[in-house]
Protein chains: 2
Amino acid sequence: MLFTHMVELESHDLSELLKATSDPTRRIILTLLAQHGPLRVTQIATHFDMSLNSVSKHIKMLERAGLVLRRTEWREHLIEIQMDRLKLVDRWFEDLRSIWALRLEALDNLITKETANDTDNN
Amino acid sequence: MLFTHMVELESHDLSELLKATSDPTRRIILTLLAQHGPLRVTQIATHFDMSLNSVSKHIKMLERAGLVLRRTEWREHLIEIQMDRLKLVDRWFEDLRSIWALRLEALDNLITKETANDTDNN
DNA sequence: CTATCAATCAACCAATTGGATGAATGATAT
DNA sequence: ATATCATTCATCCAATTGGTTGATTGATAG
């Protein structure tokens, strides 16, 4: 069956991903990482008017969503963005658009057919 | 300045959009609407093992996020998906990828230059 | 007028979230 | 041994969320 994977397969991962990106602070963190490459937690925290702990928690959420990878080198934790992970969201959006397009297409076919019938009847 | 709109412009809208799509029930509702076109609240509710009220609340969230439009005709509320709204998310993803690509490019240039210097020194 | 139907509103509950603070861990530097 | 640094863990708090049930609105049908 087409589009089956949308319904429940990957659903939990997708929810985590979308929830993780739905917070402005976390989106800024992702932007920083895309701009500057891997950063330490404290480096990231300097960009916010917020306790280090809160930033740490945000990073942990990004980590759980797989949007970020932690390479613990020495005492420092290097946080690295995982761009590939975004594809999962992309795919869901594409699927939704496909479903939508399919319906419009069917609708269009129906109208064309009816118009043909109309001309038959005239 | 490039990419300015990412940081805070549209940020609230984007957060609402992403939060709205981060719930599996709401994603299924969107899929139903893409598949079948505009539906009434009760029609949507039949697909879930959940009170009508809960479904109603989910729809209201989708509405607040602009992902869905309500056309109140007679006593019935026709709920219609707004596919255009997804573009806002698309754009943020594209922006993030551009930022990422720009950094990689700069990094690549740097390496090429250093390699050139190395051959100069040999 | 009354029963029914579509949908919302209001209140409640448990779980999660985004923030704070203070203590703890673990490694390096003096 | 002690001080410092990077980070997390443990609590706490107010706000939000996803769900429930019961009452309400507003229109239609008998």
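Throughout, a chain's letter reflects where its sequence line sits, starting with A, and its residues are numbered from 1. The structure displayed is predicted, hence computed values, not measured ones. Note that these values count all heavy atoms, side chains included, but never hydrogens, waters or copies made by symmetry.
The side chain of Lys60(B) places an N or O atom within less than 4.0 Å of a non-bridging phosphate oxygen (OP1 or OP2) of dC9(C). Using a 4.0 Å cut-off, some side-chain N or O of Arg70(B) falls inside it from OP1 or OP2 of dT8(C). The phosphate of dC5(C) (OP1 or OP2) has no side-chain N or O of Thr42(B) nearer than 4.0 angstrom. A sub-4.0 Å separation between OP1 or OP2 of dG18(C) and a side-chain N or O of Arg26(A) is present.
Residues forming a side chain to side chain donor-acceptor pair (under 3.5 Å) with Ser15(B) (at least two apart in sequence, or on another chain): Arg27(A). Listed by chain and number, the residues in a side chain to side chain donor-acceptor pair (under 3.5 Å) with Glu80(B) are Arg71(B) (sequence neighbours excluded). For Asp90(B), the side chain to side chain donor-acceptor pair (under 3.5 Å) partners at least two apart in sequence or on another chain are Arg97(A).
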Can I get a per-line list of side-chain donor-acceptor pairs under 3.5 Å for residues 57-65 of chain A, giving both atom names and the distance, sequence neighbours left out?
from, atom 1, to, atom 2, distance (Å)
His58(A), ND1, Arg26(A), NH1, 3.1
Glu63(A), OE1, Arg70(A), NE, 3.2
Glu63(A), OE1, Arg70(A), NH2, 2.9
Glu63(A), OE2, Arg70(A), NE, 3.1

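Rounded to whole Å, the distance from CD on Glu16(A) to C1' on dT17(D) is 15 Å. Atom pair Arg40(B):CZ and dC5(C):P shows a separation of 12 Å (rounding to whole Å applied). Regarding Ile44(A), its CD1 atom lies at a distance of 15 Å from the C1' atom of dT8(D), rounded to whole Å. Here dT16(D) presents its C1' atom at 13 Å from CG of Asp23(A), a figure rounded to the nearest Å. Here dA7(C) presents its C1' atom at 12 Å from CD of Glu63(B), a figure rounded to the nearest Å. As rounded to whole Å, 11 Å separates atom C1' of dA6(D) from atom CD1 of Ile79(A). Here the P atom of nucleotide dT7(D) and the CZ atom of Arg71(A) are 13 Å apart, to the nearest Å. As rounded to whole Å, 14 Å separates atom P of dA6(D) from atom CG of Leu39(A).
For the atom pair Glu16(B) CD and His12(B) NE2, the distance stands at 4.5 Å (nearest 0.5 Å).
Residue pairs meeting the salt bridge (Lys or Arg N to Asp or Glu O under 4.0 Å) criterion with at least one member in residues 28-37 of chain A: none, sequence neighbours excluded.
For the pair Leu33(B) and Ile44(B), the tightest heavy-atom approach, listed with the atom from each and the gap, is CD2-CD1, 4.1 Å.
Listed nucleotides dG18(D), dT7(D), dG19(D) differ in distance to Met61(B); the shortest reach to its side chain belongs to dG18(D). Minimum atom distance to the side chain of His58(A) is reached by dG18(C), of the listed dG18(C), dA6(C), dG18(D).
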Practice item. Determine, for nucleotides 20-29 of chain C in 5'-to-3' order, which nucleotides have protein heavy atoms under 4.0 Å from the base (write B), from only the sugar-phosphate (write S), or from neither (write -). Key: BBB-------

